Amino acid sequence: MSKQWNIEKVRNIGISAHIDSGKTTLTERVLFYTGRIHAIHDVRGKDGVGAKMDSMELEKERGITIQSAATNVNWNDYDVNIIDTPGHVDFTIEVERSLRVLDGAILVLCGVAGVQSQSITVDRQMRRYKVPRIAFINKLDRAGANPFRVCDMLKEKLSHNAVLLQIPIGLEEKHEGVVDLVTMKAIYFEGEEGEKPLHKNIPEALQDQAKKYRLKMIEALSDFDDLLAEKFLNEEDPGEDEIKSAIRKTTLSLDITPVFMGSAFKNKGVQPVLDGVVDYLPNPSEVENKALDQMENEKEVLLSPTSDKPFVGLAFKLDDTRFGQLTYMRLYQGTVNKGDFIYNIRTGKKVKVPRIVYMHSDEMEDIEKASGGDIVAFFGIDCASGDTFCAEDVQYTMTSMFVPNAVISMAIAPKERSATGNFSKALQKFTREDPTFRVHRDEESAQTVISGMGELHLNIYIERMKREFKCEVDVGQPQVAYRETITKSVEYEYTHKKQTGGAGQFAKVVGTFNPLPVDEEKNYEFISKITGGRIPKEYIPAVDRGFQEQMKKGPLMGFPIVGIQAILSDGAYHDVDSSELAFKICAMAAFREHFSKAKPAVLEPIMKLEVSAPDEFQGNVIGQINQRRGMIKNTHSQNKFVTIEAEVPLAEMFNYSTELRSATQGKGEFTMEFARYSQVPRNIQEELIKQSTEKEKKEKKS
């Protein structure tokens with residue numbers, strides 16, 4: 001298959017939201033209205049088919065999205081690449097890797113609950129990659145739905161300049177459609193599946209409200225558009241095209257977030273969202289993408305999705321299929337044909353592209369050629385997630401996505417010795433697919449340890465081992481990923497001398513270790529203040545490497561050390577006996593010796609917890625959180641349901657789901673995500689260190 005390529009008619013979008021806001025349901029309707037599927041299946045469908053984009057058996061059973069799924073649809077002659085991403089925080093890397101390669105997004109919000117904890121995380125990820133977005137307030141058919149309140153929450157909780165482009169025609173069971181404030185028409189959705197949008201006059205009862213909100217919309221746009229500002233001040237009514245042009249401009253500049261609404265489940269409001277995607281979200285040529293030129297000392301290069309430039313693409317997701325490894329690739333520049341040779345910049349290897357496909361969840365469609373700006377999948381290419389591929393004449397690398405640190409670990413082993421081969425294959429596959437899933441061997445206990453973003457994250461992989469690799473495993477107790485740090489500054493001075501037969505070793509380092517605020521993205525800083533050649537330049541990186549090496553395992557509990565600023569201010573060397581190795585050993589010894597003098601402390605992961613339950617169980621829920629060393633941050637009640645926001649140490653959260661269910665007669669729900677690292681209370685720290693020492697002794701004996 002080959003098609004006419006018009007970059008202005010291409011949109012690469014993601015659909016992201018808090019878990020259970022209706023993302024997959026919305027995607028299912030989009031597929032139906034664009035003719036991609038011919039029947040609608042719901043996420044927890046009674047027909048047992050499940051939503052198209054939830055192709056994994058586990059997704060169908062649990063009614064959640066685990067892996068991001070890609071598809072390509074056509075709407076009014078526009079090619080739209082869509083990635084449906086998971087809402088559960090344990091699969092946050094799926095959202096992260098999708099937003100890294102997308103040009104725009106739809107932020108789905110529940111019309112009842114509004115902005116929830118995961119909405120905040122998704123929004124933070126969109127900001128990290130400067131992704132323009134439109135918002136869709138879903139579930140207006142539900143009791144207690146209030147899109148005006150949700151729009152206010154967008155402004156208050158997420159600091160969005162949210163601008164309503166629609167108002168609802170009725171809410172809850174009376175929800176019939178929406179009023180479009182741009183065209184000033186009422187839109188109803190007729191037909192068995194709401195497939196026929198009908199534009200009619202606005203009902204009399206809504207005329208005044210529509211005029212009021214249209215004026216608010218124009219006023220908000222006037223702050224960024226001179227033409228609309230002039231018309232607004234002169235009380236003139238701008239034309240439809242002028243309003244659309246202003247909305248597009250301000251959405252792309254991230255100055256506003258246009259807000260749509262409806263009920264995907266009841267087939268209302270979906271087609272206007274698709275119109276919004278093509279009208280207001282960017283095409284690939286309107287997004288600035290940069291690469292680093294490895295031939296020019298990592299100089300920044302602006303990429304252009306035109307066919308006359310050398311090919312550049314980023315592998316952002318890997319999937320093992322029965323046909324071999326499938327590599328999802330975002331093309332940023334140039335074109336690639338089936339049979340072309342391209343270069344993996346990380347490995348330096350030349351690879352041939354044997355097959356290019358468009359993905360439609362777990363189905364595929366072969367194409368001969370792909371162009372800059374498109375999202376496709378390649379077969380038969382060996383690479384890792386985040387690798388950049390280029391044509392022969394350039395060596396560009398794209399910056400990879402942000403990968404959060406793991407917060408939980410479990411020791412696992414195959415139940416049957418005969419399954420060892422499959423066990424290894426499964427671990428290799430999962431680590432290639434998912435950068436947040438990590439595997440290491442604990443040398444002291446000789447155990448295989450897996451680490452990830454939460455209990456659900458690891459349990460899904462354990463379940464996948466059983467189903468996909470026929471490998472049952474024994475699972476040890478979940479382990480929290482603690483960290484170690486220092487709480488006060490300390491000056492260090494250390495001389496390393498070693499004299500053996502021939503040349504000896506000599507190095508001296510002097511400086512200060514300071515505590516740094518613990519941050520997901522920056523946990524260590526090295527500053528050299530060496531002047532006058534007190535230490536030769538070529539040895540200074542070795543000091544840095546020595547400190548970092550020593551930080552891998554702290555002396556308190558054997559966990560990595562974080563939050564250190566290491567300043568190197570003085571030192572000494574010997575013309576014959578000094579070397580890079582000598583300075584590295586010296587730095588490691590200096591760190592070991594002075595760490596204990598800087599008031600070391602253990603840090604634990606603190607999770608942001610959001611619990612919702614019927615009002616009558618509020619006391620039980622708060623009591624449980626307090627027992628788990630939790631801090632209540634906020635509570636609000638609505639429609640006889642209370643939502644409690646709190647911060648709780650991860651170590652206290654094991655088996656919480658079972659206890660919450662029993663305390664709320666099965667009616668309570670919760671979501672949890674990593675917030676930050678915080679110092680463990682002194683008494684608990686002492687207990688943890690004691691347990692760690694005892695465990696170490698036992699392991700040494702055995």
Side-chain angles (χ1 to χ4, degrees), residues 12 67-68 70 81 83 93-94 96-102 129 284 289-321 323-359 364 366-403 425 427-439:
N12 294 316
Q67 291 187 326
S68 49
N81 290 312
I83 297 185
I93 192 65
E94 292 289 332
E96 197 78 46
R97 68 165 125 222
S98 303
L99 290 173
R100 168 67 185 85
V101 298
L102 293 170
Y129 301 110
N289 286 299
K290 291 176 182 172
L292 303 174
D293 189 344
Q294 298 305 311
M295 293 175 171
E296 293 272 342
N297 208 12
E298 299 209 335
K299 181 182 159 192
E300 273 196 345
V301 184
L302 203 58
L303 299 178
S304 160
T306 51
S307 56
D308 57 345
K309 296 273 183 84
F311 165 74
V312 180
L314 179 74
F316 67 95
K317 177 174 159 61
L318 309 179
D319 212 348
D320 266 338
T321 71
F323 306 112
Q325 182 175 297
L326 182 67
T327 304
Y328 286 81
M329 185 85 69
R330 164 69 199 260
L331 277 59
Y332 284 97
Q333 185 171 281
T335 57
V336 64
N337 296 283
K338 184 176 163 183
D340 281 358
F341 283 96
I342 56 176
Y343 286 79
N344 182 329
I345 300 302
R346 180 180 62 86
T347 63
K349 286 182 182 169
K350 179 164 102 169
V351 290
K352 188 179 181 181
V353 180
R355 190 178 172 197
I356 310 174
V357 295
Y358 271 133
M359 291 307 296
M364 54 200 76
D366 278 274
I367 55 173
E368 294 298 314
K369 173 183 174 182
S371 303
D374 212 349
I375 292 176
V376 294
F378 291 178
F379 267 111
I381 286 183
D382 184 41
C383 67
S385 191
D387 282 357
T388 306
F389 286 87
C390 291
E392 187 177 3
D393 39 359
V394 291
Q395 282 192 19
Y396 294 164
T397 54
M398 305 286 297
T399 53
S400 195
M401 63 214 158
F402 167 71
V403 180
K425 274 186 204 164
L427 293 178
Q428 278 176 356
K429 175 185 173 178
F430 300 154
T431 47
R432 282 169 75 88
E433 275 180 22
D434 180 354
T436 59
F437 178 81
R438 297 162 171 95
V439 180

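This structure is a prediction, so every number in the text was calculated from the model and none was measured.
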Notebook entry, point to check: Who are the side chain to side chain contact (heavy atoms under 4.5 Å, CB included) partners of Lys349, not counting sequence neighbours?
Noted result: Thr347
Checklist line | CZ on Arg355 to CG on Leu326, rounded to 0.5 Å | finding: 9.0 Å
Note to self: List the residues meeting side-chain hydrogen bond (donor to acceptor under 3.5 Å, both in side chains) with Asn344, not counting sequence neighbours, and say none if there are none.
What the structure shows: Asp387
Notebook entry, point to check: Around atom CG of Asp393, are there more than 12 heavy atoms of other residues, nucleotides or ligands at under 6.0 Å?
Noted result: yes
Next item on the list: For Lys299, check side chain to side chain contact (heavy atoms under 4.5 Å, CB included) against everything at least two apart and list the hits.
Entry: Glu296
Next item on the list: First locate atom CG of Leu314, then atom CG of Leu303, and finally report the distance between them rounded to the nearest 0.5 Å.
Entry: 10.5 Å
Next item on the list: Could you check if a side-chain atom of Tyr396 sits within less than 4.5 angstrom of a side-chain atom of Ile345, using non-hydrogen atoms only?
Entry: no
Notebook entry, point to check: Can the positive tip of Arg330 be found less than 6.0 Å from the middle of the six-membered ring of Tyr332, inside 45° of the ring normal?
Noted result: yes
Checklist line | Pairwise distance CG(Asn337) to CD1(Ile342) - rounded to 0.5 angstrom | finding: 11.5 Å
Note to self: Show the nearest heavy-atom pair for residues Ile356 and Glu368, with the distance to one decimal.
What the structure shows: CD1-O, 4.0 Å
Notebook entry, point to check: Counting N and O atoms only, with roles assigned by atom type, does the side chain of Ser307 sit under 3.5 Å from a partner on the main chain of Thr335, one being a donor and the other an acceptor?
Noted result: no
Next item on the list: Please round to the nearest 0.5 Å and tell me the distance separating atom CZ of Phe316 and atom CG of Leu102.
Entry: 7.0 Å
Next item on the list: Compare every heavy atom of Gly373 with every heavy atom of Pro305, then report the nearest pair and how far apart it is.
Entry: CB-N, 4.0 Å
Check: Listed by chain and number, what are the side chain to side chain contact (heavy atoms under 4.5 Å, CB included) partners of Lys425, not counting sequence neighbours?
Finding: Asn422, Phe469
Next item on the list: May I ask you to test the Phe389-Val351 pair for a side-chain heavy-atom distance under 4.5 Å?
Entry: yes
Notebook entry, point to check: Partners of Thr306 by side-chain hydrogen bond (donor to acceptor under 3.5 Å, both in side chains), sequence neighbours excluded?
Noted result: Ser304, Asp308
Check: Is there a side-chain contact (heavy atoms from CB on, under 4.5 Å) between Phe437 and Leu427 once you walk through the steps?
Finding: CA-CA 9 Å; Phe437 178 81; Leu427 293 178; 4.1 Å; yes
Note to self: Once rounded to the nearest 0.5 Å, what's the spacing between atom CD1 of Ile381 and atom OG1 of Thr327?
What the structure shows: 5.5 Å
Item checked: Nearest-0.5 Å distance that lies between atom OH in Tyr358 and atom CG in Asp374 -> 3.5 Å
Checklist line | Glu298: partners by side chain to side chain contact (heavy atoms under 4.5 Å, CB included), with sequence neighbours left out | finding: Leu292, Gln294
